[in-house]
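Beneath this line is the structure, given in structure tokens, with notes to follow.
Residue numbers begin at 1 in each chain, while the letters A, B, ... track the order of the sequences.
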Amino acid sequence: MYSLADLNPVQREAVEHRAGPLLILAGAGSGKTRVLTYRIAHLIARGVAPWNILAITFTNKAAKEMRQRVETLLGSAGAGLWVSTFHSACVRILRREIDHLPGYARSFVIYDAGDQLSVLKSCLKELDLDEKKFPARGILAQISDWKNRLCPVEDAEGKAAEYFEKMAAKAYRLYQKKLMANNALDFDDIIMLAVELFRQNPTVLDYYRDRFRYILVDEYQDTNHAQYTLVNLLAARYRNLCVVGDDDQAVYGWRGADVQNILAFERDYPETMVLKLEQNYRSTKHILQAANAVVGHNQDRKAKSLWTENQSGDLLIHYVAEDERDEARYVAERIQRLKDREGRPNKDFAVLYRSNAQSRILEEYLLREGIPYRVFSGMKFYERMEIKDILAYLRVLHNPADRVSFSRILNVPKRGLGESVLAKVLLYAEEQGLDMLAALREAEYIPGVRPQARRALLSLSRLLEELREQSPEGEITDLVEEILDKTGYWAMLKADNTPEAQARVENLQEFLSVTAEYDAKIAEERDERTTGEIDERAAGEIDERAAGEGNPPAPTSAGISSSGAENGLSSETGDTPTLGGRGLPVPEVGDTTMAGSEGRPAPGVEGTSSDGSEDRLSSSEGNMAPSGGQGLPAPEVEDTFSAGVGGFLEQVALVADIDQLNEGDDGVVLMTMHSAKGLEFPVVFLVGMEEGIFPSSHSLLAETALEEERRLCYVALTRAKEKIYLCYAGQRLLYGRIQNNLPSRFFSEVPPDLMLDRDPIDPPPQRQGRTSGAPRGGGFGGSTGGGRKKYRDYGSLASEGTPLTTGKSETYHVGDKVEHEKFGRGIIVSVKGEGASAILTVVFDGQLKQLISEYAKLTRF
DNA sequence: TGCCCTAGGATTTTT
DNA sequence: TCCTAGGGCA
């Protein structure tokens with residue numbers, strides 16, 4: 001049960017908006033997930049069939065959360081709803097429509113970045129392109145860019161002007177050819193192929209257009225051209241497209257996301273309704289003011305300003321560290337102190353940085369303080385070598401055309417089969433038109449292979465055949481254990497007594513628990529089916545028929561309990577639609593990661609209800625038209641092996657983040673600002689606030705890139721609910737080199753009166769005068785961050801001889817906040833020289849000024 | 001074939 | 001600094 005009274009007026013308008021395009025500009029923390037979920041619930045309550053709704057997110061996490069929240073609101077009434085990521089939805093569609101995709105078989109696998117790289121490298125080798133001039137990553141980025149812009153090989157070749165592009169286009173052609181030969185898609189293909197499928201098969205498009213009459217897209221500002229096209233193709237008929245996003249949070253431009261998609265939505269849909277969610281429920285006033293001020297420096301944005309009814313809260317705290325160690329030390333010490341003082345759990349804290357390389361030192365100091373933490377670094381669980389090895393076995397068994405995976409396993413564990421044998425096998429397979437398993441079977445006929453290698457090949461062949469034959473239906477865990485056992489993988493690791501091998505064993509054990517979980521889920525679904533209960537697909541059908549028999553999903557008095565709803569929603573309001581629970585189980589609402597055994601309905605089934613869905617919507621709440629009721633579609637025939645393994649592989653490929661943030665874990669979170677998008681934490685530390693780090697040196701030359709960095713800063717700031725610390729290190733050891741960086745310009749874009757340079761939880765400084773150190777000015781001497789109490793350190797330093805004041809003129813330090821009669825308030829970012837003649841660099845509201853201490857007429861504030 | 005060493009490169013990365 | 005890919009050698 002849900003109540004519209006839980007919503008503010010704008011939110012409510014967004015939820016109640018019925019038909020037609022809707023653009024929701026949702027600022028950070030403005031409750032957009034709530035709006036989306038309520039909107040879905042409301043549509044269903046008003047008679048829209050759940051299977052006519054498609055909700056798209058970017059991350060699995062977001063999809064899962066939305067699914068759960070809808071389920072909480074609706075219970076089983078949501079069965080048949082699709083809530084999924086772009087990629088899951090498209091893969092699901094591609095598998096269903098595989099017959100329309102010449103060149104691909106249903107068992108296609110999805111290649112991740114590593115797989116892509118190895119395919120591309122083989123292309124470069126084949127084309128005899130020098131990897132120095134044509135770095136694989138660069139080419140791959142170019143190819144990805146083409147795909148995101150829906151530019152097929154032919155167009156790329158046609159348009160390529162420069163030499164690099166021409167070569168890249170050549171590589172692109174070969175790369176695509178190889179992917180197809182391997183029966184593999186990369187991530188970008190998934191979207192591009194779906195668009196192609198729709199464009200070339202009007203009947204297929206027709207079917208999905210008709211099915212997805214209500215489309216909701218989250219994070220619309222992050223869509224790339226391909227995704228944009230996909231959505232707009234699907235929405236073209238009914239135009240019930242609701243997009244939610246925030247141009248200020250567009251931080252994936254470098255990956256092909258085009259913020260214009262959201263900015264030009266009103267052009268695409270002139271009849272659109274635009275709503276702005278500007279009330280923030282997350283952060284304090286001070287944090288929001290700072291975030292607004294920073295992002296306000298961007299030129300290219302839709303005007304808006306977040307506000308909140310929350311308290312003003314603490315001021316932002318600004319810390320000038322000597323170097324990265326001092327910064328890390330400060331962070332760890334602050335966290336410990338806040339834990340002690342305020343009894344906060346570890347998970348209240350997040351330390352956000354621009355690049356993963358910054359995490360190491362932070363870990364070191366957290367470890368030293370004994371503070372539990374979790375790092376969300378670049379290395380994903382499924383990218384680990386041992387996991388990829390086992391997955392490669394599964395992939396070859398599932399899709400024997402997969403040469404990349406075959407190449408990976410051929411000599412792992414060691415079988416004495418090296419590069420040269422691999423090349424011969426691949427060549428033989430190619431010439432004979434065989435897949436890898438078939439080629440292995442014929443190892444005797446592969447020319448130029450020595451007897452020893454031949455025996456090894458045949459033995460591998462037998463092993464794989466055995467695994468394939470005896471693998472029980474759907475039991476991935478057994479299969480994986482067999483693989484680990486029979487290939488000697490376990491033995492290999494156990495023979496190796498290094499800690500790394502130990503870690504690998506542990507990772508594989510973790511992997512086995514993932515497979516076990518998957519098996520259990522599948523078994524559960526199977527049981528439900530055999531006991532006459534229903535899966536997602538069937539649920540829609542049954543619902544539809546039930547509705548036709550006068551069992552309307554529309555308002556009834558029997559509400560579904562709102563027990564799980566946030567904020568203790570009350571539903572006593574008069575106009576609150578409630579939903580009748582019919583007790584139909586929902587295994588996973590719209591979970592696209594189920595085993596590939598789902599049936600495809602005859603298009604006619606749902607098609608029959610297509611006559612006048614709008615009518616149904618507007619005129620017949622609770623009186624839905626009966627469907628054709630042709631009974632449940634038969635599941636597609638697919639051999640059990642593929643069904644089980646394929647489903648699992650797909651899940652792994654598309655949901656590659658079991659390291660995900662678990663609510664239960666109590667640890668300080670370390671992650672990049674990008675990864676933090678969509679999350680919130682009571683206390684946030686932003687570290688490495690330096691020119692060249694953040695904004696990153698790569699962005700300093702281009703204004704658009706800088707604006708994206710600024711948006712990232714906005715995202716980072718708005719993660720904080722209560723407290724935020726901004727840290728700057730005057731000196732930083734990065735990549736083995738010491739850098740001296742100026743403070744980030746974003747510092748100076750925060751109004752100075754919102755920032756403190758001393759944490760109020762600390763005792764006041766001993767003396768009047770300055771507390772902040774002056775790293776660049778060299779005031780720190782030899783104290784390298786060993787001390788726990790920062791300010792005492794400063795005190796002792798001062799007494800060691802660094803003068804705090806001179807007779808004539810004050811001595812300034814980096815981080816001092818000063819006021820100039822003309823320029824206003826600012827922060828000192830560098831001090832050269834001493835005393836009256838010191839040259840001060842001061843940032844005033846975005847402007848950098850150099851002043852001589854003696855004449856500057858600065859006052860402190 | 002397999003191991004060891006060195007040189008070079010190193011944002012961000014929802015899928 | 002630290003990782004990894006590739007070259008050279010046993």
Partner set under salt bridge (Lys or Arg N to Asp or Glu O under 4.0 Å) for A/Glu680, not counting sequence neighbours: A/Arg282, A/Lys721
Any A/Thr85 side-chain N or O less than 4.0 Å from OP1/OP2 of B/dT14: no
Selected nucleotide, minimal atom distance to A/Phe187 side chain, candidates B/dT15, B/dA10, B/dT1: B/dT15
A/Asp115/A/Lys388 ion pair, N-O < 4.0 Å: yes
Close residues, residues 695-707 of chain A, relative to DNA chain B [heavy-atom separation under 4.0 Å]: A/Ser696, A/His698
Where at least one partner belongs to residues 120-144 of chain A, residue pairs that pass salt bridge (charged side-chain N to carboxylate O under 4.0 Å, His left out), sequence neighbours excluded: A/Glu126-A/Lys178
Nucleotide nearest A/Ser675 (side chain, heavy atoms from C-beta), chosen from B/dT11, B/dT14, B/dT13: B/dT13
Short side-chain N/O contact to B/dT13 OP1/OP2 from A/Thr672, under 4.0 Å: yes
A/Gln358: side chain to side chain contact (heavy atoms under 4.5 Å, CB included) partners, not counting sequence neighbours: A/Tyr353, A/Arg354, A/Ser355, A/Val687, A/Ile693, A/Arg732
By side chain to side chain contact (heavy atoms under 4.5 Å, CB included) - contacts of A/Gln452 (at least two apart): A/Arg455
Donor on one side chain, acceptor on other, A/Asp189 and A/Gln176, under 3.5 Å: yes
For A/Val195, all residues meeting side chain to side chain contact (heavy atoms under 4.5 Å, CB included), sequence neighbours excluded: A/Leu150, A/Arg199, A/Thr229, A/Leu230, A/Leu233
Phosphate contact (B/dA10 OP1 or OP2) by A/Asn356 side-chain N/O below 4.0 Å: no
Contact nearer the 5' end of DNA chain B, comparing A/Asp222 with A/Glu709: A/Glu709
Under-4.0 Å side-chain N/O to phosphate OP1/OP2 contact, A/Tyr252 with B/dT11: no
A/Glu749 with A/Arg745: basic N within carboxylate O range, under 4.0 Å: no
With sequence neighbours excluded, residues passing salt bridge (Lys or Arg N to Asp or Glu O under 4.0 Å) with A/Glu219: A/Lys32, A/Lys677
A/Arg95 side chain near A/Glu650 side chain, heavy-atom distance below 4.5 Å: yes
Short side-chain donor-acceptor distance under 3.5 Å, A/Tyr728 and A/Asn741: no
Position toward the 5' end of DNA chain B (nearest nucleotide), A/Glu383 or A/Leu712: A/Leu712
Range on DNA chain C touched by chain A, heavy atoms, distance below 4.0 Å: C/dT1 to C/dG6
Selection from B/dA10, B/dT14, B/dT1 that lies nearest to any side-chain heavy atom of A/Tyr735: B/dA10
For A/Arg719, all residues meeting salt bridge (Lys or Arg N to Asp or Glu O under 4.0 Å), sequence neighbours excluded: none
DNA chain B contacts made by residues 120-139 of chain A, counting heavy atoms under 4.0 Å: none
Gap separating the CG atom of A/Asp186 from the CD1 atom of A/Ile110, nearest 0.5 angstrom: 10.0 Å
Pairing residues for A/Arg149 by the side chain to side chain contact (heavy atoms under 4.5 Å, CB included) criterion, not counting sequence neighbours: A/Asp145, A/Trp146
Syn-anti status, with the boundary at 90° from 0, for the nucleotide B/dT11: syn
Protein N or O to nucleotides 3-5 of chain B N or O, pairs below 3.5 Å:
none

